[in-house]
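In what follows, every heavy atom counts, from backbone to side chain, and hydrogens, waters and symmetry copies are set aside. Every chain is numbered from 1 and lettered A, B, ... according to where its sequence line falls, protein lines coming before strand lines.
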Number of protein chains: 2
Amino acid sequence: MSLDLTDVSTPDCCATVVRESLDPAAAEQHARVFKALGDPTRLRLLSIVAAHDGAEACVCDLTEPVGLAQATVSHHLKVLVDAGLLTRSQRGKWGYYALVPGALDQVARSLADVAPESLIPHG
Amino acid sequence: MSLDLTDVSTPDCCATVVRESLDPAAAEQHARVFKALGDPTRLRLLSIVAAHDGAEACVCDLTEPVGLAQATVSHHLKVLVDAGLLTRSQRGKWGYYALVPGALDQVARSLADVAPESLIPHG
DNA sequence: ACAACGTATCGACACTTCTCGATGGCTGGC
DNA sequence: GCCAGCCATCGAGAAGTGTCGATACGTTGT
């Protein structure tokens, strides 16, 4: 960890830094959500839930369209819940999954956290 | 593919479908970009690049801040290039990585593709 | 030509993730 | 109380991912 202060030569490749970059903790946090979104099956599940009335659907509505085993769908739904994108609620015999209001907006905002000046501000 | 039309009983759990959901091809496409964003190191690399003047930085600016081996950083940068988020250009001895203009906006828009009604429209 | 430097690629390893069949817990109807 | 249906969890196998040291490639300067 001891720095060699005798070498003060500036590497001649570097550009100017404009602002602070994302800190490691925030990066970890945001990456968790993006990782949850980084699977085509999970994106389809989110979309199917959102396409239902009230942004809510029961598992029986979700298993068939994605064409995977029930255990696999259940696993993906858990990942989405853990990422804070869906909530689960039991109503009688059926389990329902619903979009967390504003969760996807939060994701869009986290993009601005990564690279503010590269995004067009939302009126 | 033959449907059994003798069973017309509606399962009594299902909610009403409001619109079409994301098709598998689009899901795969979007998932590829989200997967690239789903790693804390890559988010930090993106952020560091964006934090430089002109949204461009050379590799020597990137290796040290993330605290990983040069080979690992190079690997992550390749993933970001393959996802269409960065471009690479060689200038003399040094390689420069730059944000693809509008790429992150595209990502934000793909969120709207997944669940349109859950997002506040951008004025 | 040759040496020095910056960076990409290769090969290997540990670890995670996706997928499934089987099992178990919970609910509602008989 | 028992059975049937919905769904989460378990265990396992195959595939993918993150990381590194070593090496190869291209550029610059001598």
S.K.: Among D:dT19, D:dG5, C:dA22, which nucleotide has an atom closest to any side-chain atom of A:K93?
M.R.: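 The nucleotide sitting nearest to the side chain is D:dG5.
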S.K.: Distance-only, no hydrogens or angles: does the B:R44 side chain make a donor-acceptor pair with backbone N or O of B:P65 under 3.5 Å?
M.R.: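 It does hold such a pair.
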S.K.: Using heavy atoms to find the nearest nucleotide of DNA chain D for B:T41 and A:Q70 separately, return the residue whose nucleotide is more 5′.
M.R.: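 Upstream on the strand: A:Q70.
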S.K.: Under 4.0 Å between a side-chain N or O of B:R88 and OP1 or OP2 of C:dT7?
M.R.: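 No, no such contact exists.
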S.K.: Treat each ILVMFWY residue as a node, draw an edge where side-chain heavy atoms are under 4.5 Å apart, and state whether A:L46 and A:V59 are in one component.
M.R.: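 Yes, because A:L46 and A:V59 connect within a single hydrophobic cluster, where side-chain heavy atoms sit under 4.5 Å apart.
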S.K.: Side-chain N or O of A:T72 less than 4.0 angstrom from OP1 or OP2 on C:dC20?
M.R.: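 Checking C:dC20 against A:T72, a side-chain N or O does come within under 4.0 Å of OP1 or OP2.
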S.K.: When the distance from CG of B:L37 to P of D:dG18 is rounded to whole Å, what number comes out?
M.R.: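 In whole Å, D:dG18 P and B:L37 CG are 12 Å from each other.
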S.K.: From D:dC7, C:dT7, D:dT19, pick the nucleotide closest to the side chain of B:C60?
M.R.: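 Minimum distance to the B:C60 side chain belongs to C:dT7.
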S.K.: For A:A69 and for B:A71, find the nucleotide of DNA chain C with the closest heavy atom, then tell me which residue's nucleotide is more 5'.
M.R.: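 It is B:A71 whose nearest nucleotide is closer to the 5' end.
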S.K.: Between A:Y97 and D:dC6, is there a side-chain N or O to OP1/OP2 distance below 4.0 Å?
M.R.: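 No, A:Y97 has no side-chain N/O under 4.0 Å of OP1/OP2 on D:dC6.
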S.K.: Could you tell me the separation between the NE2 atom of B:H76 and the C1' atom of C:dT9, rounded to a whole number of Å?
M.R.: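 Interatomic distance, NE2 of B:H76 to C1' of C:dT9: 15 Å.
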S.K.: In a check of side chain to side chain contact (heavy atoms under 4.5 Å, CB included) between B:L45 and each of B:L86, B:L68, B:L85, B:V66, which one passes?
M.R.: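 Output: one option passes, namely B:V66.
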S.K.: If each of A:R91 and A:L68 is mapped to the nucleotide of DNA chain C with the nearest heavy atom, which maps nearer the 5' terminus, i.e. the 5' end?
M.R.: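 Going by which nucleotide is closer to the 5' end, it is A:L68.
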S.K.: In terms of side-chain geometry, is the basic nitrogen of A:K78 or A:D82 positioned less than 4.0 Å from the acidic oxygen of its partner?
M.R.: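 Salt bridge flag = yes for A:D82 with A:K78.
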S.K.: Expressed as a whole number of angstroms, how long is the span from A:L45:CG to D:dC7:P?
M.R.: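 A:L45 atom CG is separated from D:dC7 atom P by 13 Å.
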S.K.: Would you indicate, yes or no, if C:dA8 has its OP1 or OP2 atom less than 4.0 angstrom from a side-chain nitrogen or oxygen of B:S74?
M.R.: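 For B:S74, the contact criterion (side-chain N or O under 4.0 Å from OP1 or OP2 of C:dA8) is met.
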S.K.: Between D:dC6 atom P and A:L62 atom CG, what is the distance in whole Å?
M.R.: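 It is 14 Å, rounded to the nearest whole Å.
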S.K.: Just how far, in rounded Å, is C1' of C:dC18 from CZ of A:R44?
M.R.: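 It is 16 Å, rounded to the nearest whole Å.
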S.K.: With the 4.5 Å side-chain cut-off for hydrophobic clustering, are B:V81 and B:L37 part of the same group?
M.R.: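 As far as the 4.5 Å side-chain criterion goes, B:L37 and B:V81 are connected within one cluster.
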S.K.: Could you state the OH-P distance from B:Y96 to D:dT27, rounded to the nearest angstrom?
M.R.: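 So the two atoms are 15 Å apart, to the nearest Å.
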S.K.: In whole Å, what is the span from the NE2 atom of A:H75 to the P atom of D:dA12?
M.R.: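 The distance from NE2 of A:H75 to P of D:dA12 comes to 17 Å, rounded to the nearest Å.
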S.K.: Please state how far atom NZ in A:K35 lies from atom P in D:dG16, giving the value in whole angstrom units.
M.R.: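 For the pair A:K35 NZ and D:dG16 P, the rounded distance is 17 Å.
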